[in-house]
Number of protein chains: 2
Amino acid sequence: MPISLHLADDPPPERADAARNRHAVLAAALRLVDHCGVDAVSMDAVATEAGVGKGTLFRRFGSRQGLMAAVLNESETQWQAAVLSGPPPLGPGAPPMGRLLEFGHSRLHLNLTHAALIRAAGRAGARSYAAVSFSAMHVRYLLGELGVRGDIALLATSLLAPLEVPILEQQVNQEGISLARIEAAWDDLVRRVAV
Amino acid sequence: MPISLHLADDPPPERADAARNRHAVLAAALRLVDHCGVDAVSMDAVATEAGVGKGTLFRRFGSRQGLMAAVLNESETQWQAAVLSGPPPLGPGAPPMGRLLEFGHSRLHLNLTHAALIRAAGRAGARSYAAVSFSAMHVRYLLGELGVRGDIALLATSLLAPLEVPILEQQVNQEGISLARIEAAWDDLVRRVAV
DNA sequence: AATAGAAACGGACTGCAGTCCGGTTATGCC
DNA sequence: GGCATAACCGGACTGCAGTCCGTTTCTATT
């Protein structure tokens, strides 16, 4: 009596020790990142903290960027859930324009909060595919609801681009622009784009 | 009878051997980058090719990013000259909207052409300060000419953001979007923003 | 329960970015 | 022209990302 069946064999099932090690590595990485800051965490340190060999880290996560992307994914998943099914105006229930503006503010703050981690994750594995494509999909949907005409997909990209980490960090750290002003400018941009 | 006077002593004058070495390093780096591609060029290789020690490279350019930024700067300078004083519609003489659209297309192509170098230059020294601030300044100026109302500085940033390398590479390499479509979408964005 | 085979493990190994310090060379002054 | 000083030079050294391969551990089958 098998406890879990494995029907479509495309993804070969993960071995028990592999799963255990993956969780140990993720927990160790999260611990070290919280404690020392992203940039001070080396792969050797994570391996030692997790009690595994270095080869294991690279086998499971491919690279340092991949590991950081996996750590980042923990919080991104929560945020995505809040967008898809949390309370309005971020979640469903509010009018589309209200949701869109709230979405931008929320993403802006999240990008600044996780700036170092997002940078360390680079474009490996999860980020440029999970976070970016989720956000793009959601903005496309809201632009559709608003009845915006034109190349919705690229308009969505254009609205998300000014919220990217390097740009926000330039504005906040180099030019000393306040968050309130950035939010207001983004609201203005959205209103101009959304007819 | 001194050949060159040095009036304001704030920047202490560069020693002759230092200048010679800097040119040798830049020439060697450019040669190697053209020949092997940016990512295959190591600092040791540049030092050997230029016939100097590794310490010299790091003294003059600070980091690999700094060296790549210096290499990049050679072509950026040419482009800036074309924008400021070249033939219209990129240079002065054309109506502002025409210049703005041409500027975007030009920057888009340049960013894709130099994508690897721009990425390697990161946000060191020149890029996030020369190229970005030059572009921002120019777009602010054109938006002013167009009579656009609002937070011109941040609107300029918002227009430039979708032209950044990571976003263009995602669109072109991952999603297979054509350059023509990206150009058209940017034109559309500009027209929506510029009232 | 024993076994065969495949997948995962781990630590020694490589290559590169960046640092450091003793030696060298240019410049300003006498 | 000679000398003192400060800047520059260069290569050996460190630490980390990523690789490789012999060894161990799991799982399916009988």
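Residue numbering restarts at 1 for every chain, and letters A, B, ... go by the order of the sequence lines.
Judged purely by atom type and a 3.5 angstrom limit, W186(A) uses its side chain to pair as donor or acceptor with the backbone of L159(A). Remark: the backbone N or O of V83(B) is paired with a side-chain donor or acceptor of R99(B) at under 3.5 angstrom. The backbone N or O of A116(A) sits nowhere less than 3.5 Å from a side-chain atom of D39(A) that would complete a donor-acceptor pair. Proximity of a side-chain donor or acceptor of D187(B) to a complementary backbone N or O of L101(B) within less than 3.5 Å is not detected.
Rounded to whole Å, atom C1' of dG18(D) lies 15 Å from atom CG of D39(B). Taking atom CG of residue L57(B) and atom P of nucleotide dC9(D), one finds them 11 Å apart after rounding to whole Å. Remark: C1' of dC8(D) and CZ of F58(B) are 17 Å apart, rounded to the nearest angstrom. Between the C1' atom of dC9(C) and the CZ atom of R22(A) lies a distance of 16 Å, rounded to the nearest Å.
Regarding contacts with the backbone of dC8(D), every side-chain N or O of N21(B) stays at 4.0 angstrom or more from both OP1 and OP2.
In F58(B), the CZ atom is crowded: over 12 heavy atoms of neighbouring residues, nucleotides or ligands sit closer than 6.0 Å.
Applying the side chain to side chain donor-acceptor pair (under 3.5 Å) test to every pair with at least one member in residues 144-160 of chain B, sequence neighbours left out, gives these pairs: R181(A)-D151(B).
With hydrogens and angles ignored, no donor-acceptor pair closer than 3.5 Å exists between the side chain of R59(A) and the base of dG18(D).
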Anything under 3.5 Å between a protein N or O and an N or O of nucleotides 11-16 of chain C, put it in a table, one pair a line.
unit_1, atom_1, unit_2, atom_2, d
dG11(C), O6, G55(A), N, 3.3

What N/O pairs connect the protein and nucleotides 22-24 of chain D at under 3.5 Å? Give each pair on its own line.
none

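Atom OG1 in T113(B) sits 9.5 Å away from atom CG in L108(B) (nearest 0.5 Å).
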For R107(A) and E76(A), run salt bridge (Lys or Arg N to Asp or Glu O under 4.0 Å): C-alpha distance rounded to whole Å, both residues' side-chain angles, the deciding distance at 0.1 Å, then the answer.
-> CA-CA 10 Å; R107(A) 188 68 246 177; E76(A) 287 291 329; 3.0 Å; yes
